Amino acid sequence: MTEILAADTVSRIDAFYDATLRPKLAAIDDRRRAVRWLIIKSMIVVLSPVAILVAGDLLDGFLPPEWIGTVIALAWVWLVGGLVFALVKYLLPGIAAFSSYRARFKQEIVAEIFKVVCPSAVYDHLQGITEAVFDAPGLFNTRGAFKSDDRVRGHMGRTPFEASEAGRAYRTGSGKNEHTYTVFRGLFFHLDFNQHLDGVMLIDPKKAQSHQLGDRSELSLVRFDDPAFEKEFTVHASSDAVARGLMTPQMMAALLTLRERAGKPVFVAFKDRRAYVGVDYGRTLFEPGIARTTSKEAVREIADQFAFVETIVRELNLNARLRGVEADDSLLHGADIAVHPLAQLAARKAGAVTVSDLWTTAAASIDDSAAEAGGSAPKPEGTRIQVDPGPGTVSISYGLRIGFWVMLAISLSGLLLASSALRAPNAPPWASPASAWVRTLPPVPPVDAFAAAAPMPWLIVGTVIFVLLALSWTGYVRRVVVDPDGIRISRAFRPFPRVYRRPLFGRAIRIKGSVYITQSEGLHVMNPTASPVLTEAEAAWVVSEMKRALGQ
């Protein structure tokens with residue numbers, strides 16, 4: 001970006017950096033170093049065996065040939081074990097440390113820079129421009145996930161505006177054919193326009209990619225007798241009259257100035273009483289560095305990006321109001337976006353996020369019942385689940401539903417197919433002990449004849465079907481009893497329930513149509529199931545009854 005800040009503002013930013021920001025950066029630098037050190041340790045653990053595997057051919061000159069295979073095998077074991085170790089030992093502490101560092105950087109550094117550049121507006125690093133506003137003019141492709149944060153709202157002179165970092169990307173294909181397309185990543189500005197436009201006009205950079213643009217099929221391509229403008233921009237409008245009424249020589253010159261000042265592709269749209277400007281940086285903005293502390297040059301760049309709104313208002317002459325056209329402040333009161341729970345946690349904890357906080361937040365985010373009003377749900381009509389509540393207790397009987405019997409039947413069919421494959425005369429030699437035992441069982445002529453045609457493939461297929469389905473039906477929950485001392489879960493044909501002692505296990509959660517129990521503190525990767533797959537209404541009812549009995 002061409003430097004936008006005036007010389008006196010640059011001087012103020014530099015003085016502010018030396019007097020205020022540098023000490024604040026030093027105060028939070030321990031968190032940056034903690035994140036960097038966790039990354040380094042993870043790389044040492046993981047990349048060391050990778051180096052051995054990559055340099056496998058070079059080992060021939062240093063090790064006896066009979067050792068090479070052993071070293072390579074140990075390197076693979078080290079790699080797998082190192083990945084698991086790094087995930088367990090360093091991932092969560094790394095996320096906690098980075099979340100803390102990022103939150104303090106936003107609250108104590110970026111917010112302070114913003115106050116110097118735009119003292120009359122309000123900055124909120126958690127909030128962003130909504131997807132509806134971003135998509136309103138039709139500038140960009142609507143495909144892919146949308147993200148936005150670092151919102152600024154206020155007035156620049158007489159012009160209400162909001163601005164935010166925004167991004168959208170999508171993927172196509174899979175594996176080697178997978179490709180990521182970035183629709184937009186940069187700063188997006190939403191401003192009150194000083195006149196009403198009867199239609200829409202979209203102005204795209206000449207070099208914009210087709211995957212970035214929204215649908216232009218119902219708009220007209222409009223050309224202008226200005227070679228400099230035509231070289232930089234393409235204009236589509238709802239009508240030729242709309243475009244030519246707005247695109248005066250002064251407006252075209254202003255758009256060229258915006259492009260020059262931004263130093264990046266600039267997308268512009270006018271619709272109704274709104275102007276929209278997107279500066280595509282192709283990267284995230286306002287984020288802290290990990291390798292080194294934030295420099296004075298980086299602070300100047302952040303200030304430049306914030307100050308671009310003043311350039312937009314000045315160049316588009318938005319403060320010049322036509323008679324009878326008053327500023328519309330409604331955009332300053334638009335909807336907020338949903339904030340990620342981890343970002344909320346980091347802001348609330350003022351940059352002191354712990355691993356325990358992460359577990360608690362993750363548990364709340366996956367529990368679909370956490371936000372249900374009053375923590376209770378009515379009994380669904382037509383359900384066959386039997387719930388018998390008592391003081392501090394509840395008994396829930398699901399029975400063995402048809403899904404259980406279907407899984408059992410398919411699983412036993414797989415076992416029968418594998419047995420017939422073992423009984424075949426040309427069964428695999430390595431399976432001879434099992435074949436000898438199976439041949440003592442009564443034959444099943446139709447299946448035996450079928451499996452004998454290709455015993456090895458049918459042995460593998462039958463075994464896989466049996467094992468996978470057996471994992472489902474043997475763990476099928478038929479009854480749950482919550483008592484003061486424990487949670488008893490009866491599964492499939494097991495004669496005795498599995499007891500999960502309280503208070504160690506003291507919470508029930510719902511994820512879609514399934515209910516789980518989990519430990520009273522934290523979140524665990526494997527939580528015991530406390531229901532078969534239910535409808536969401538049934539699951540909501542069951543989990544509310546379990547929570548009541550657990551005092552949750």
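Fair warning: this is a prediction, and the values are worked out from it, not measured in the lab. Positions are given from 1 along the sequence.
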Original post:
Would you say the side chain of Leu191 lies within less than 4.5 Å of the side chain of Val309, judging by non-hydrogen atoms?
Top reply: yes

**OP:** Evaluate whether atom CD of Glu178 has more than 12 neighbouring non-hydrogen atoms of other residues, nucleotides or ligands under 6.0 angstrom away.
**Re:** yes

Original post:
So how far is it from Ile509 CD1 to Thr518 OG1, rounded to the nearest 0.5 Å?
Top reply: 5.5 Å

**OP:** Measure across Asn527 and Tyr516 and return the closest heavy-atom pair with its distance rounded to 0.1 Å.
**Re:** O-CD2, 3.4 Å

Original post:
Are side-chain heavy atoms of Phe308 and Ile312 found at a separation under 4.5 Å?
Top reply: yes

**OP:** Rounded to the nearest 0.5 Å, what's the gap from CE on Met251 to CG on Asp226? Could you check?
**Re:** 13.5 Å

**OP:** Run the numbers on Leu256 and Lys231 for side chain to side chain contact (heavy atoms under 4.5 Å, CB included), then give the verdict.
**Re:** CA-CA 10 Å; Leu256 287 170; Lys231 182 180 178 181; over 6 Å; no

**OP:** State, to 0.1 Å, how close Ala539 and Val515 come at their nearest heavy-atom pair, and which atoms those are.
**Re:** O-CG2, 3.8 Å

**OP:** Let me know which of Asn317, Asp328, Leu318 forms a side-chain contact (heavy atoms from CB on, under 4.5 Å) with Thr159.
**Re:** Leu318

Subject >> Asp329 atom CG: more than 12 heavy-atom contacts under 6.0 Å >> reply: yes

Original post:
Judged by atom type as modelled, is there a donor-acceptor pair below 3.5 Å linking the side chain of Lys379 to the main-chain atoms of Ile385?
Top reply: no

Original post:
Between Phe161 and Phe189, does a ring-ring contact (aromatic ring centres under 6.0 Å, His included) hold up when you go through it step by step?
Top reply: CA-CA 7 Å; Phe161 78 95; Phe189 301 85; 7.6 Å; no

Subject >> Spacing of CD belonging to Glu310 relative to CG belonging to Asn319, to within rounding of 0.5 Å >> reply: 10.0 Å

Subject >> Close side-chain approach of Val235 to Met201, heavy-atom, < 4.5 Å >> reply: yes

Original post:
To the nearest 0.5 Å, how far apart are CD in Glu536 and OG in Ser514?
Top reply: 9.5 Å

Subject >> Any donor-acceptor N/O pair, Glu538 side chain to Thr535 backbone, under 3.5 Å >> reply: yes

Subject >> Closest non-hydrogen atom pair, Ala237 against Val222 >> reply: CB-CG2, 4.3 Å

Subject >> Check: Lys512 main-chain N/O paired with Arg510 side-chain donor or acceptor under 3.5 Å >> reply: yes

Subject >> Heavy-atom closest contact (Val542 atom, Leu534 atom, distance) >> reply: CG2-CD1, 4.3 Å

Subject >> Arg274 (side chain) donor-acceptor with Asp192 (main chain) under 3.5 angstrom >> reply: no

Original post:
So, for Pro23 and Asp18, which heavy atoms are closest and what is the spacing to 0.1 Å?
Top reply: CD-O, 3.9 Å

Subject >> Over 12 non-hydrogen atoms of neighbours within 6.0 angstrom of CD in Glu131 >> reply: yes

Original post:
Pairs in or reaching into residues 201-213: which pass side chain to side chain donor-acceptor pair (under 3.5 Å), with residues at least two apart or in two chains?
Top reply: Asp204-Arg216, Gln212-Asp280

Subject >> Asp124 (side chain) donor-acceptor with Arg151 (main chain) under 3.5 angstrom >> reply: no

Original post:
Is a donor on one side and an acceptor on the other found under 3.5 Å between the side chain of Gln127 and the backbone of Ile337?
Top reply: yes

**OP:** Output, in order, the C-alpha distance, side-chain angles, deciding distance and verdict of side chain to side chain contact (heavy atoms under 4.5 Å, CB included) for Arg507 and Ile517.
**Re:** CA-CA 6 Å; Arg507 291 192 298 133; Ile517 60 169; over 6 Å; no

Original post:
So, for Phe114 and Ala121, which heavy atoms are closest and what is the spacing to 0.1 Å?
Top reply: CE2-O, 3.4 Å

Original post:
Would His190 and Phe188 count as a close aromatic pair, with their ring centres under 6.0 Å?
Top reply: no

Original post:
With distance as the sole test, does Ser238 use its side chain to make a donor-acceptor pair with the main-chain N or O of Val200 at under 3.5 Å?
Top reply: yes

Original post:
Would Val268 and Leu255 satisfy side chain to side chain contact (heavy atoms under 4.5 Å, CB included), going step by step from the backbone distance to the final call?
Top reply: CA-CA 8 Å; Val268 182; Leu255 292 172; 3.8 Å; yes

**OP:** Check the pair Phe233, Arg259 against side chain to side chain contact (heavy atoms under 4.5 Å, CB included), reporting the backbone distance first and the verdict last.
**Re:** CA-CA 10 Å; Phe233 295 106; Arg259 170 67 180 89; 3.9 Å; yes

Original post:
Could you state the interatomic distance from CG (Leu221) to CG (Leu202), rounded to the nearest 0.5 Å?
Top reply: 11.5 Å

Original post:
Does Trp541 reach the side chain of Pro378, with side-chain heavy atoms less than 4.5 Å apart?
Top reply: no

Original post:
Can a salt bridge be assigned to the pair Glu545 and Arg548 using a cut-off of 4.0 Å between side-chain N and carboxylate O?
Top reply: yes

Original post:
Less than 4.0 Å between a side-chain N and a carboxylate O, is that true for Arg283 and Glu301?
Top reply: yes

Original post:
Do Ser164 side-chain atoms and Asp149 backbone N/O form a donor-acceptor pair below 3.5 Å?
Top reply: yes

Subject >> Side chain proximity check, Arg168 to Asn141, heavy atoms < 4.5 angstrom >> reply: no

Original post:
Do other residues, nucleotides or ligands put more than 12 heavy atoms under 6.0 Å from Lys24 NZ?
Top reply: yes

Subject >> Donor-acceptor contact below 3.5 Å, side chain Glu165 vs main chain Asp150 >> reply: no

Original post:
Does Phe224 have Arg244 sitting over its ring (NZ/CZ under 6.0 Å from centre, angle to axis within 45°)?
Top reply: yes

**OP:** Measure from the side-chain N and O atoms of Ser148 to the backbone N and O of Ile129, and report whether any donor-acceptor pair falls under 3.5 Å.
**Re:** yes

Original post:
Checking side-chain contact (heavy atoms from CB on, under 4.5 Å) against Phe184, which of Phe140, Phe146, Tyr281 comes through?
Top reply: Phe140

Original post:
Do Arg143 and Thr172 come within less than 4.5 Å of each other through their side chains, counting heavy atoms only?
Top reply: yes

Original post:
Heavy atoms, side chains only, cut-off 4.5 Å: are Met247 and Ile203 in contact?
Top reply: yes

Original post:
Can you tell me how far NE2 of His125 sits from CD1 of Ile109, rounded to the nearest 0.5 angstrom?
Top reply: 13.0 Å

Subject >> Side-chain heavy-atom pair Leu258, Leu316 within 4.5 angstrom cut-off >> reply: yes

